[in-house]
Enquirer: 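Sharing a structure, written as structure tokens. Questions coming.
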Amino acid sequence: MSAANTNTDFFERVYDVVARIPKGKVTTYGAIARHLGTGRSSRMVGWALNKTLESGAGMLPCHRVVNRKGELTGKTWFGGDTMEQLLRAEGVTFDELGRVELARYYWEP
DNA sequence: AAACTGACGGGCG
DNA sequence: ACGCCCGCCAGTT
């Protein structure tokens, strides 16, 4: 196996984990990174998601991935309040600051 | 080649 | 509970 496939494998894992997030639940980048074994490379998870968007995996429910504060940091890539609407459609509620209640909706891979 | 950036997280005040 | 700073990893300029 070529070492060049390491990245691809990383993307596939991110895809796999995100695809398993139950409807109406959310998880964090750090949780995914830990599950992948990358640990501190939480940033790479977001990077991978952005990359998967271009890879054609646009069906990925990445709107269920938020940061540790429960903020929809990726809403920029969805455009406007699309990300929030998607989560609301799944029954997720937001607080006054527009953050997800992680204690209530958090899901660990 | 060096420095900056970024879908982040944890620690500290 | 919130804001600020530092550390991680790969990509970009």
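Note that the structure is a prediction, hence the values are computed from the model and not measured. Order of the sequence lines fixes the chain letters, A, B, ..., with proteins taken first and strands second; residue numbering starts at 1 for each chain.
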Enquirer: Whole-Å distance between C/dG11 C1' and A/M44 CE?
Expert: 8 Å

Enquirer: Ring-plane angle category for A/H63 and A/F78, please: parallel below 30°, perpendicular beyond 60°, tilted otherwise.
Expert: perpendicular

Enquirer: Is there a donor N/O on one and an acceptor N/O on the other, under 3.5 Å, for the side chain of A/R43 and the base of C/dC8?
Expert: yes

Enquirer: Expressed as a whole number of Å, how far does the P atom of B/dA1 sit from that of C/dC8?
Expert: 22 Å

Enquirer: What is the nucleic acid contact for A/T28, judged by heavy atoms within less than 4.0 Å: base, sugar-phosphate only, or nothing?
Expert: sugar-phosphate

Enquirer: Using whole Å, report how far CZ of A/R34 lies from P of B/dC8.
Expert: 16 Å

Enquirer: In whole Å, I'd like the distance from the CG atom of A/L49 to the C1' atom of B/dC8.
Expert: 12 Å

Enquirer: With respect to the side chain of A/T73, which nucleotide from C/dC9, C/dT12, B/dA7 is positioned closest?
Expert: B/dA7

Enquirer: What I'd like to find out is whether the side chain of A/W77 reaches to under 4.5 Å of the side chain of A/L49, using heavy atoms alone.
Expert: no

Enquirer: Working to the nearest 0.5 Å, report the span between NZ of A/K51 and CG of A/L53.
Expert: 10.5 Å

Enquirer: In this structure, how many angstroms lie between the C1' atom of C/dG3 and the NZ atom of A/K69, rounded?
Expert: 8 Å

Enquirer: Please work out the stems of DNA chain C from pairs that are Watson-Crick or G-U wobble with both distances under 3.5 Å, keeping only runs of three or more consecutive pairs.
Expert: B:2-6 with C:9-13, B:8-13 with C:2-7

Enquirer: Which is true for A/N50 with a 4.0 Å heavy-atom rule: it touches a base, it touches only sugar-phosphate, or it touches nothing?
Expert: base

Enquirer: Check whether any side-chain heavy atom of A/L102 sits under 4.5 Å from a side-chain heavy atom of A/V66, and report yes or no.
Expert: yes

Enquirer: From the set B/dA7, B/dG10, B/dC8, return the single nucleotide nearest to any side-chain atom of A/C62.
Expert: B/dA7

Enquirer: Is any side-chain heavy atom of A/L72 closer than 4.5 Å to one of A/L87?
Expert: yes

Enquirer: Counting C-beta onward and ignoring hydrogens, is there a side-chain heavy-atom pair between A/V100 and A/F94 closer than 4.5 Å?
Expert: yes

Enquirer: Take atom CD1 of A/I21 and atom C1' of B/dA7, then tell me their distance rounded to the nearest Å.
Expert: 13 Å

Enquirer: Please list residues of residues 95-108 of chain A whose heavy atoms come under 4.0 Å from any atom in DNA chain C, ordered by number; otherwise none.
Expert: A/L97, A/R99

Enquirer: What is the separation between atom NZ on A/K75 and atom C1' on B/dC8, rounded to the nearest whole Å?
Expert: 18 Å

Enquirer: Enter the distance from A/T73:OG1 to A/M83:CE here, rounded to the nearest 0.5 Å.
Expert: 6.0 Å

Enquirer: In whole angstroms, how far is the P atom of B/dA7 from the CG atom of A/N67?
Expert: 11 Å

Enquirer: Do A/T93 and A/R104 come within less than 4.5 Å of each other through their side chains, counting heavy atoms only?
Expert: yes

Enquirer: Do A/V14 and A/T52 have side chains that approach each other closer than 4.5 Å (heavy atoms only, starting at C-beta)?
Expert: no

Enquirer: On the side chain of A/R40, is there an atom forming a donor-acceptor pair with the base of C/dG7 - under 3.5 Å, no angle test?
Expert: no

Enquirer: Please tell me if the side chains of A/R64 and A/Y105 come closer than 4.5 Å, counting only heavy atoms from C-beta onward.
Expert: no

Enquirer: Separation of A/F10 atom CZ from C/dC8 atom P, in whole Å?
Expert: 17 Å

